[in-house]
There are 2 protein chains.
Amino acid sequence: MEHRIDRIKKQLHSQSYKLTPQREATVRVLLEREEDHLSAEEVYLLVKEKAPEIGLATVYRTLELLSELKIVDKINFGDGVSRYDLRKEGAAHFHHHLVCMECGSVEEIVEDLLDDVEKIVQDDWGFQVKDHRLTFHGVCRQCQKEVAQTS
Amino acid sequence: MEHRIDRIKKQLHSQSYKLTPQREATVRVLLEREEDHLSAEEVYLLVKEKAPEIGLATVYRTLELLSELKIVDKINFGDGVSRYDLRKEGAAHFHHHLVCMECGSVEEIVEDLLDDVEKIVQDDWGFQVKDHRLTFHGVCRQCQKEVAQTS
DNA sequence: TTTATAAATTATAATGATTGTAATTGACAC
DNA sequence: GTGTCAATTACAATCATTATAATTTATAAA
């Protein structure tokens with residue numbers, strides 16, 4: 001974990017930003033809850049446990065900054081809030097998401113399944129791809145089981 | 001155009017909804033501006049030209065309704081607003097989008113490029129896919145040219 | 001044609017996420 | 001130590017969207 005904090009610190013410094021205590025606390029929350037997809041509000045509440053004096057606006061600004069530096073991905077699943085996800089070490093792209101329409105759970109797919117598709121877009125449309133976002137909506141394994149039982 | 005209005009009317013009726021004048025005016029705006037990705041506010045302003053007495057809330061409700069019936073797709077490109085897109089006749093899925101990071105333009109890909117990927121998700125993750133959203137971020141053909149010239 | 005009923009709409013207020021602002025703090029260079 | 005600039009705080013403001021209550025419209029029964 002310290003290693004990753006260090007890396008992020010360097011990334012900030014390379015753009016002449018500092019890793020302030022507030023920013024560090026925010027990053028630590030994101031690292032601890034890496035599996036989740038936290039909203040700004042949720043991050044704020046968790047950071048408050050470490051650093052009670054932090055303001056909500058600071059959390060927003062920090063997440064925005066981390067997002068610009070591609071340290072986190074800002075994603076939106078269609079509920080009213082933006083969610084923030086640490087980008088995997090070395091990943092060039094957003095990872096993909098499986099959103100369950102029954103229970104709302106979100107699974108992640110880290111592998112990049114879109115190399116072929118990306119090539120098609122590049123060649124056929126002349127569009128130079130920098131990044132992509134792919135979300136599947138459907139029914140997760142667990143909910144499929146439950147539906148099968150009750151019917 | 002009248003044909004498509006008719007079809008939508010039938011789709012509404014099949015769920016016992018009516019095609020009220022306000023709803024019809026809204027659908028007509030969407031048909032006329034099919035290439036665009038209008039926000040609720042933009043739809044509202046355009047509908048007002050046809051039916052000045054319409055309220056913003058009605059536009060929201062109508063778009064929500066059309067969205068539930070899968071007549072339009074509600075999409076979100078990360079700016080603060082939801083955008084609404086008529087679904088192509090007979091299309092089972094969202095179409096994909098190419099969002100240019102330089103000029104903000106949005107191109108559409110109607111073909112479904114994800115059949116293979118969908119199969120992988122289904123087989124390897126046991127996730128039953130109902131729909132998907134795919135957006136590429138990058139540089140469009142036009143902007144690539146301009147960058148090439150100025151450099 | 002009246003009357004009853006439910007759906008749809010309007011105008012307006014409320015909500016909730018996010019952003020802006022002015023004042024304050026803190027770190028670092030001179 | 002003093003000045004400077006970035007970062008933060010507390011709070012106000014904004015903007016998209018949703019809820020509410022009153023009114024209108026459409027439809028069907030009497």
Side-chain angles (χ1 to χ4, degrees), chain A residues 8-9 11-29 37-69 71-85, chain B residues 8-29 36-69 71-85:
Chain A
I8 289 168
K9 188 172 183 175
Q11 286 177 268
L12 284 168
H13 283 164
S14 74
Q15 311 278 324
S16 24
Y17 294 108
K18 288 174 259 183
L19 186 65
T20 63
Q22 293 89 339
R23 286 174 185 167
E24 183 173 336
T26 305
V27 170
R28 280 183 190 280
V29 164
H37 301 80
L38 302 171
S39 68
E41 182 86 27
E42 287 164 345
V43 173
Y44 169 63
L45 292 173
L46 290 167
V47 173
K48 251 182 130 57
E49 294 174 6
K50 293 181 196 300
E53 73 293 352
I54 201 167
L56 177 57
T58 301
V59 171
Y60 269 102
R61 265 188 306 261
T62 301
L63 292 171
E64 195 58 37
L65 177 63
L66 294 173
S67 178
E68 272 164 30
L69 299 184
I71 295 167
V72 310
D73 291 333
K74 183 176 180 180
I75 47 181
N76 199 305
F77 291 133
D79 53 350
V81 290
S82 295
R83 299 181 174 280
Y84 300 85
D85 245 16
Chain B
I8 289 169
K9 189 172 183 175
K10 288 201 187 100
Q11 286 179 270
L12 284 168
H13 282 164
S14 75
Q15 311 278 324
S16 26
Y17 292 109
K18 288 173 261 183
L19 185 65
T20 63
Q22 292 89 339
R23 285 175 184 167
E24 182 173 335
T26 305
V27 169
R28 279 183 190 280
V29 163
D36 297 334
H37 301 79
L38 301 171
S39 67
E41 182 86 26
E42 287 164 344
V43 173
Y44 169 64
L45 292 174
L46 290 167
V47 174
K48 251 181 130 54
E49 295 174 5
K50 292 181 198 299
E53 73 292 350
I54 201 168
L56 178 56
T58 300
V59 172
Y60 270 103
R61 264 189 308 262
T62 301
L63 292 171
E64 196 57 37
L65 177 62
L66 294 172
S67 179
E68 273 164 30
L69 299 186
I71 295 167
V72 310
D73 291 332
K74 184 176 179 179
I75 47 180
N76 200 305
F77 291 133
D79 53 350
V81 289
S82 295
R83 298 178 178 279
Y84 299 85
D85 243 15

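Note that the structure is predicted; figures quoted are calculated from it, not measured. Residue numbering restarts at 1 for every chain, and letters A, B, ... go by the order of the sequence lines.
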Notebook entry, point to check: Rounding to a whole Å, what distance do you find between A:His13:NE2 and C:dA27:P?
Noted result: 13 Å
Note to self: Expressed as a whole number of angstroms, how long is the span from B:Glu24:CD to C:dA8:C1'?
What the structure shows: 15 Å
Next item on the list: Run the salt-bridge test on A:Lys9 and A:Glu24 with the 4.0 Å N-O cut-off and return the result as yes or no.
Entry: no
Item checked: Atom pair distance, as rounded to whole Å: CG in B:Asn76 and P in D:dT17 -> 9 Å
N/O to N/O distances under 3.5 Å, protein versus nucleotides 4-7 of chain D:
from, atom 1, to, atom 2, distance (Å)
D:dA7, OP1, A:Arg23, NH1, 3.3

Note to self: If the condition is salt bridge (Lys or Arg N to Asp or Glu O under 4.0 Å), which residues does B:Lys50 pass it with, not counting sequence neighbours?
What the structure shows: B:Glu32
Next item on the list: For residues A:Leu65 and A:Arg23, determine if any side-chain heavy atom of one lies less than 4.5 Å from a side-chain heavy atom of the other.
Entry: yes
Checklist line | salt bridge (Lys or Arg N to Asp or Glu O under 4.0 Å) involving A:Asp73 - partner list, sequence neighbours excluded | finding: A:Arg87
Notebook entry, point to check: Which residue pairs pass the side chain to side chain donor-acceptor pair (under 3.5 Å) test when at least one of the two sits in residues 11-21 of chain B, sequence neighbours left out?
Noted result: none
Checklist line | Single hit among A:Leu46, A:Leu45, A:Val47 for side chain to side chain contact (heavy atoms under 4.5 Å, CB included) with A:Val43 | finding: A:Val47
Next item on the list: Measure the distance from CD1 on B:Ile54 to P on D:dT23 and round it to the nearest whole Å.
Entry: 21 Å
Would you list the protein and nucleotides 18-20 of chain C atom pairs, both N or O, that sit under 3.5 Å from each other?
from, atom 1, to, atom 2, distance (Å)
C:dT18, OP1, A:Ser82, N, 3.1
C:dT18, OP1, A:Ser82, OG, 3.2
C:dT18, OP2, A:Tyr60, OH, 2.5
C:dT18, O5', A:Tyr60, OH, 3.3

Notebook entry, point to check: How many Å lie between CD on B:Glu68 and C1' on D:dT18, as a whole number?
Noted result: 14 Å
Notebook entry, point to check: Any chance NZ of B:Lys48 has more than 12 other-residue heavy atoms, nucleotides or ligands included, within less than 6.0 Å?
Noted result: yes
Notebook entry, point to check: Who are the salt bridge (Lys or Arg N to Asp or Glu O under 4.0 Å) partners of B:Glu64, not counting sequence neighbours?
Noted result: B:Lys74
